[in-house]
Amino acid sequence: MEIDPGRTVERHLDEVGGTLRRLMPERLSGEVTRHLELAREAPGTHEAAVLERIADAVETGLASYDLVVFDTAPSGHTARLMALPETMSAWTEGLLRRQERSARFGAALRGLTGDDADDAGAGELVGRRDPRAERDGEIRRVLLRRRTRFERLREVLSDPELTTFVLVLAAERLPVLETIELHRQLAKLGVDVGALVVNKRSPADAGALLDARRAREEAHLRALEDALPGLPRAETNLLPDDVVGEDALAGFGGLR
């Protein structure tokens, strides 16, 4: 499947908006709408929405499939995305602490102002619905589900028995440097890197220009080997046609 970032963000905001409108007093519906409109273009909204979609795909994959392959964004975006589960878990944990303090403060304030009592006395409060307490409880349940989901995603990504990362690069100076840096960042995040794939290698014995190009590529790959020794590496040759469609992909992979 191909994740559509725009549609993913819209669905994410619709779900968040539905939850907020259900939990918040009706008089605040307009504020919820304005908040979501501002959030649509806010930094991190796109990444958070896509991360939710990835978490969903991982959960489905673990339950129903032998193998799930993610074709990720370029290195800089991927490094940020891989760090997001931990960031989002910490952010949700902060929300939970603030929500808990707010709930305690609200309960204490209602006790001081007598909002929860009437002339009949506290005995009549037994069995009475408290909409604010119910709302606080549901908010907490939503946040706990969110935290659990991100923690599970983080566990899967950092478990070498379940997940490995394959770095794909061209045999050129900047891609090699970016790959070395991404490997360092993934190692810091505890994500296993299982192999390298060097894409679009210049063929040997294909004329002076490509011979010179291949010699330059060899120099870049020696630098890669020096920086990441012992990491398994596969190479694919530059082809005259695009690898598009099932037949072309099967042929490229040697399956046909």
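Please read these numbers as outputs of a predicted model, since none were measured by experiment.
Counting Ile, Leu, Val, Met, Phe, Trp and Tyr side chains that sit under 4.5 Å apart, directly or through other members, V197 shares a hydrophobic cluster with V166, V168. M1 belongs to no hydrophobic cluster with other residues, because no ILVMFWY side-chain heavy atom falls under 4.5 Å from its own, directly or through intermediates. Residue L209 belongs to no hydrophobic cluster, having no ILVMFWY side-chain heavy atom closer than 4.5 Å to its own. Under the 4.5 angstrom side-chain criterion for Ile, Leu, Val, Met, Phe, Trp and Tyr, the cluster partners of L67 are V69.
Shortest non-hydrogen contact noted between I180 and A227 is CD1-CB, 3.4 Å. Closest non-hydrogen pair, P175 versus A170, comes out as CB-O, 3.5 Å. Here the closest heavy-atom approach between residue D211 and residue D205 is recorded as OD1-N, 3.1 Å. Taking every heavy atom of both residues into account, A171 and R201 meet most closely at CB-CD, 4.0 Å.
With respect to F252, the side-chain contact (heavy atoms from CB on, under 4.5 Å) criterion is satisfied by exactly one of D247, D241, L239, N237: L239.
Side chain of T163 to backbone of S158: no donor-acceptor contact under 3.5 angstrom is found. Between the side chain of E217 and the backbone N or O of S202 there is at least one donor-acceptor pair closer than 3.5 Å.
Put simply, L167 and V68 are part of the same group of oily side chains (I, L, V, M, F, W, Y) that touch within less than 4.5 Å, one to the next.
Using a 4.5 Å heavy-atom cutoff, the side chains of D192 and F165 are not in contact. Using a 4.5 Å heavy-atom threshold, the side chains of K200 and T236 count as separate. When side chains are defined from C-beta on, L221 counts as touching R233, because their heavy atoms get closer than 4.5 Å.
Enclosure of atom CG in D226 by more than 12 non-hydrogen atoms of other residues, nucleotides or ligands within 6.0 angstrom is indicated.
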Intermediate values then yes/no, salt bridge (Lys or Arg N to Asp or Glu O under 4.0 Å), R173 and E178: CA-CA 9 Å; R173 180 176 178 273; E178 289 176 351; over 6 Å; no
Candidate pair V58 and R53, rule side chain to side chain contact (heavy atoms under 4.5 Å, CB included), full reasoning: CA-CA 9 Å; V58 167; R53 191 70 183 90; over 6 Å; no
Trace of the side chain to side chain contact (heavy atoms under 4.5 Å, CB included) decision for T179 with L196: CA-CA 9 Å; T179 297; L196 301 166; 4.0 Å; yes
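With rounding to the nearest 0.5 angstrom, the CG atom of L182 is 9.5 Å from the CG atom of L189.
The side chain to side chain donor-acceptor pair (under 3.5 Å) test applied to T72 returns T78, not counting sequence neighbours. Taking the side chain to side chain contact (heavy atoms under 4.5 Å, CB included) definition, one finds that A55 meets it with R149, L153, sequence neighbours left out.
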